[in-house]
Amino acid sequence: MQLPADVLLALRYLRPKRTFISVITLLSLVGPALGVAILIIVTSVMSGFDEDIRKGILSVQAHLVVSPGAGQPVITDPDAVVKTLAARGVRAAPVIEGPVLIQVRDGSSVRAVKGIRPDLEKEVTNIATNGRFSGRFDIHEGEALIGSAMAHELGLQLGDELLIHAPQRLTGNITWEKNGNVRVKEPDEVYVPESVRIVGIFAMGVYDFDDGLVFLHIDQAAELFGYDWGTATSLHARVPDPFRMEALLELVHEDLPAYTVRSWQEVNQLLFGALRVEKTLMVFLLAFIVVVAAFGIAGTLITVAVQKTREVGILKAMGMGRGLVARIFLLVGGIIG
């Protein structure tokens, strides 16, 4: 098949006279190829890193968090909120959370307690089904679940016991007067810490959770923090599609106007904002590599045009138009690109 004159000459100009491929052509091809390859690889790595973080967060955190409204310390009727969310296809579980002091033998450390209802918690989180859980997840009063990192640090195993001190009880007999003085009153009853037995050890894959979280039954957590039974400090919920939940979030806001509803993106907006800025900056910097490669193509075209000045003069003398000559060098750049 006879090629058009401009295509034929463009291919001839990319091929030297004595060797199979010229050094200039090789460098002009390798430069853009490496630049684009680095841009694609780094962008893919950053996107994969972002996706891994999102999956890790979603494996340990709820998709939706429903908290009490302004001026309300707890949710007084969490079962009603659970039913409201279930009508929208959202599975929810009430929880009671707060800081505690863990005492094991002679040592003590600060941790966080999360009171759960095991039957509902199974529908919201995958702690018991992620393949890294040992023991029994269905806890009762007097039983606890701890993370693998905490168990390793404190030397605990299944069946061991630990003591939990609640700050509310420790500070219940201390009050601040209006003049700024501190008054300590005699406690009405003898303070006794909660003693729990470890029946399960979980591993979420996030060190802060595996080292700093203790699961108790929600009724025992209510007693520990001084709340009424049947209340909750918040509800954690799981939605069908956590990446497309804007419309569902608006409906939940309409159904629960008296409560504060936040998505997992809002809870982790600082982290995702930092990742987004880092990814954008990386792409912006790597784009300069492609720009440098483009200058390499431009340099190749200038060199070819200078080398072929005589041939261009002959072609124009033979009647070739300016547009056709320009199209030859544009095709050279296009083939390299």
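Numbers here are sequence positions counted from 1.
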As an exercise, state the distance from [atom1] of [X] to [atom2] of [Y], rounded to the nearest 0.5 Å.
{"X": "Ile146", "Y": "Ile198", "atom1": "CD1", "atom2": "CD1", "value": "3.5 Å"}
{"X": "Leu235", "Y": "Leu120", "atom1": "CG", "atom2": "CG", "value": "9.0 Å"}
{"X": "His236", "Y": "Thr125", "atom1": "NE2", "atom2": "OG1", "value": "10.0 Å"}
{"X": "Tyr259", "Y": "Ser67", "atom1": "OH", "atom2": "OG", "value": "11.5 Å"}
{"X": "Ser108", "Y": "Leu154", "atom1": "OG", "atom2": "CG", "value": "10.0 Å"}
{"X": "Ser195", "Y": "Ile164", "atom1": "OG", "atom2": "CD1", "value": "8.5 Å"}

Worksheet entry | Set of side-chain hydrogen bond (donor to acceptor under 3.5 Å, both in side chains) partners for Glu123, sequence neighbours left out | none
Discussion item. Suppose we screen for side-chain hydrogen bond (donor to acceptor under 3.5 Å, both in side chains). Which residues come up paired with Asp160, at least two apart in sequence or across chains?
Written reply: none
Shortest non-hydrogen contact from [X] to [Y]?
{"X": "Ser234", "Y": "Ile75", "result": "CA-CD1, 4.0 Å"}
{"X": "Ala149", "Y": "Tyr207", "result": "CB-CE1, 3.8 Å"}
{"X": "Gly155", "Y": "Arg105", "result": "O-NH2, 4.1 Å"}
{"X": "Ala232", "Y": "Val95", "result": "CB-O, 3.5 Å"}
{"X": "Thr233", "Y": "Pro68", "result": "O-CD, 3.0 Å"}
{"X": "Val82", "Y": "Ala92", "result": "CG1-O, 4.0 Å"}

Sequence-distant partners of [X], salt bridge (charged side-chain N to carboxylate O under 4.0 Å, His left out), two or more places apart:
{"X": "Glu121", "value": "Lys114"}
{"X": "Asp208", "value": "none"}
{"X": "Glu153", "value": "Arg111"}
{"X": "Arg244", "value": "Asp241"}

Worksheet item: Under 30°, 30 to 60°, or over 60°: which ring-plane class applies to Phe133 and Phe137, parallel, tilted or perpendicular?
Response: perpendicular
Side-chain donor/acceptor pairs under 3.5 Å, residues 211-221, sequence neighbours excluded:
from: His217; atom 1: ND1; to: Asp219; atom 2: N; distance (Å): 3.1
from: Gln220; atom 1: OE1; to: Gly142; atom 2: N; distance (Å): 2.7
from: Gln220; atom 1: NE2; to: Glu194; atom 2: OE1; distance (Å): 3.0

Are [X] and [Y] connected in the hydrophobic side-chain network, where two residues link if heavy atoms are under 4.5 Å apart?
{"X": "Leu85", "Y": "Val239", "result": "yes"}
{"X": "Val261", "Y": "Val90", "result": "yes"}
{"X": "Val196", "Y": "Ile201", "result": "yes"}
{"X": "Tyr227", "Y": "Val100", "result": "yes"}
{"X": "Trp264", "Y": "Leu248", "result": "yes"}

Practice prompt. Please assess Ile139 against Ile116 for the test side chain to side chain contact (heavy atoms under 4.5 Å, CB included), listing each intermediate value before the final yes or no.
Written response: CA-CA 9 Å; Ile139 55 177; Ile116 61 171; 4.2 Å; yes
Worksheet item: Which residues satisfy the side-chain contact (heavy atoms from CB on, under 4.5 Å) test with His152, sequence neighbours excluded?
Response: none
Worksheet entry | Results of side-chain contact (heavy atoms from CB on, under 4.5 Å) for Val45 - residues two or more places apart only | Ile41
Please list all pairs passing the salt bridge (Lys or Arg N to Asp or Glu O under 4.0 Å) test where one or both residues lie in [range], with sequence neighbours left out.
{"range": "residues 80-97", "result": "Arg88-Asp255"}
{"range": "residues 63-75", "result": "none"}
{"range": "residues 136-146", "result": "Lys122-Asp138, Arg136-Glu143, Glu143-Arg197"}

Item to complete: Please test Leu145 against Val199 for side chain to side chain contact (heavy atoms under 4.5 Å, CB included), starting from the C-alpha separation and ending with a verdict.
Response: CA-CA 6 Å; Leu145 309 175; Val199 297; 4.0 Å; yes
Discussion item. Can a donor-acceptor pair be found, under 3.5 Å and without considering hydrogens, that links the side chain of Glu266 to the backbone of Ser263?
Written reply: yes
Worksheet item: Do the charged groups of Arg132 and Asp210 touch, with an N to O distance under 4.0 Å?
Response: no
